[in-house]
Amino acid sequence: MSSATAHVKASASRAADSKPLEYLARGGFICYGVIHLLFAWLALQVAFGHSGKEGDQNGALQTLAGNGFGKVLLVVIAVGMVGLAIWQAFEAIIGESGPQDKTAVAERVISGIRAIVYLWLAWTAVKIVTGANSSSATKSQNKSSTLMSHSGGRWLVGLIGLVILGVGIGLIVYGVLKKFEKHLKTEEMRPSVRKSTRRLGMAGYAAKGAAYAIAGVLVVIAAVKYDPDKARGLDAALRTLAGHSYGPWLLALIAIGFAAFGVFCFSQAKYRKV
């Protein structure tokens, strides 16, 4: 390792260990939990045909924009997401303690991806507060349509769909195998808290994974059938499920899973290794 790289990692490590950043990250988990609870509520609304908002994180944040208090909460959420993004960026740079094997490298890559997701949520919240927000589902649809109009574009859209499907399957496996527990201070939990947190994490990751897997399949179908209407991300996944006879009840289960993940985030706010 070069001296310059070592210096960067040492500086990042000192910054990552700061108490203000830890408090900001823990507050960010609370905000992230709120987003998932709002998303769960929207999913229930979509399930039983009572929602005109997008069934994704964008729609979840939009539900807060109706009054002054909601906009203040959006600003708080934006700050919390920035805090999580900074923390995960440091994790991507320095990694967690322990041997830097292939698993550790993969964790650093995932931390970098999480940082981007958190920044996107923060930016979305800011756009909604300033009134400059537009439909993320429509943007996804338009981008897919533009891609598919170019040579090889349908193959690229199909590949994106497969990646989203892979992410969904990965989240399900991550939850079922309880891999999230290695990031928690389980030794500080009472047995009952450890048990409930484990169940919440398993249900939450499984629900998120199922939603993303369905979205990925729909994007692949959009590429195969040249139908950009299906390439609308989570919104299309939820509304496609709601359109089947069994869909509303399955969607209700997914909503419960997202709510479980929201509560799991509250537990992370206290017990996550930061």
Side-chain angles (χ1 to χ4, degrees), residues 31-67 70-71 73-74 77 81 117 120-121 123-125 127-129 133-145 157 160-161 164-165 167-169 171-172 175 200 202-223 225 227-266:
C31 296
Y32 201 43
V34 170
I35 292 174
H36 282 81
L37 289 176
L38 290 171
F39 180 87
W41 172 246
L42 272 183
L44 282 176
Q45 297 294 299
V46 172
F48 299 104
H50 301 303
S51 175
K53 289 187 172 62
E54 292 178 18
D56 56 14
Q57 296 93 333
N58 188 77
L61 292 173
Q62 283 182 338
T63 61
L64 295 176
N67 54 64
K71 290 184 177 180
L73 185 54
L74 278 172
I77 287 175
M81 291 301 97
V117 171
W120 175 77
L121 286 171
W123 177 239
T124 299
K127 288 197 297 181
I128 292 174
V129 170
N133 183 63
S134 60
S135 167
S136 61
T138 300
K139 282 184 177 179
S140 177
Q141 177 183 337
N142 291 340
K143 288 178 181 177
S144 297
S145 179
V157 171
I160 292 171
I164 297 172
L165 172 61
V167 169
I169 294 172
L171 286 172
I172 293 173
L200 288 168
M202 292 176 68
Y205 277 108
K208 288 186 69 171
Y212 278 103
I214 294 169
V217 169
L218 289 176
V219 172
V220 172
I221 292 174
K225 294 187 175 181
D227 183 8
D229 287 344
K230 294 187 181 298
R232 291 174 60 87
L234 288 178
D235 180 67
L238 299 189
R239 296 187 188 280
T240 298
L241 273 181
H244 292 82
S245 58
Y246 59 84
W249 302 107
L250 182 56
L251 194 48
L253 284 176
I254 290 177
I256 293 172
F258 269 88
F261 190 85
V263 179
F264 173 70
C265 287
F266 298 155

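FYI, side chains are in, hydrogens and waters are out, and symmetry mates aren't considered; it's all heavy atoms of this structure.
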Qualifying residues under side chain to side chain contact (heavy atoms under 4.5 Å, CB included), relative to Ile256, sequence neighbours excluded: none
Applying side chain to side chain contact (heavy atoms under 4.5 Å, CB included) to Leu37 and Phe266, what does each step give before you reach the verdict? CA-CA 11 Å; Leu37 289 176; Phe266 298 155; 3.7 Å; yes
Applying side chain to side chain contact (heavy atoms under 4.5 Å, CB included), can you list everything that pairs with Leu200, at least two apart in sequence or on another chain? Ala260, Val263, Phe264
For Lys208 versus Tyr32, what's the shortest heavy-atom pair and its separation? NZ-OH, 3.5 Å
For Ile164 and Tyr212, the nearest pair of non-hydrogen atoms, with its separation, is CG2-O, 3.3 Å
Rounded to the nearest 0.5 Å, what's the gap from CD1 on Ile254 to CG on Leu44? Could you check? 11.0 Å
Parallel, tilted or perpendicular: ring planes of Phe39 versus Phe258, cut at 30 and 60 degrees: tilted
If I compare all heavy atoms of Met81 with all of Cys31, which pair ends up nearest, and what's the gap? CE-CB, 3.9 Å
Can you name the side chain to side chain contact (heavy atoms under 4.5 Å, CB included) partners of Trp249, sequence neighbours left out? Phe48
Could you tell me which residues satisfy side chain to side chain contact (heavy atoms under 4.5 Å, CB included) with Leu38, sequence neighbours excluded, listed by chain and number? Val34, Ala60, Thr63, Leu64
Shortest non-hydrogen pair, Ala259 vs Ala40, comes out as N-CB, 3.6 Å
For Ala255 and Ala43, work out which heavy atoms get closest and say how close. CB-CB, 3.8 Å
Just how far is it from atom CG of Leu251 to atom CD1 of Ile214, taken to the nearest 0.5 Å? 8.5 Å
What's the shortest heavy-atom distance between Val129 and Lys71, and which atoms? CG2-O, 3.9 Å
Show, in sequence, the C-alpha distance, side-chain angles and deciding distance for Val220 and Leu165, and conclude whether the side chain to side chain contact (heavy atoms under 4.5 Å, CB included) test is met. CA-CA 9 Å; Val220 172; Leu165 172 61; 5.8 Å; no
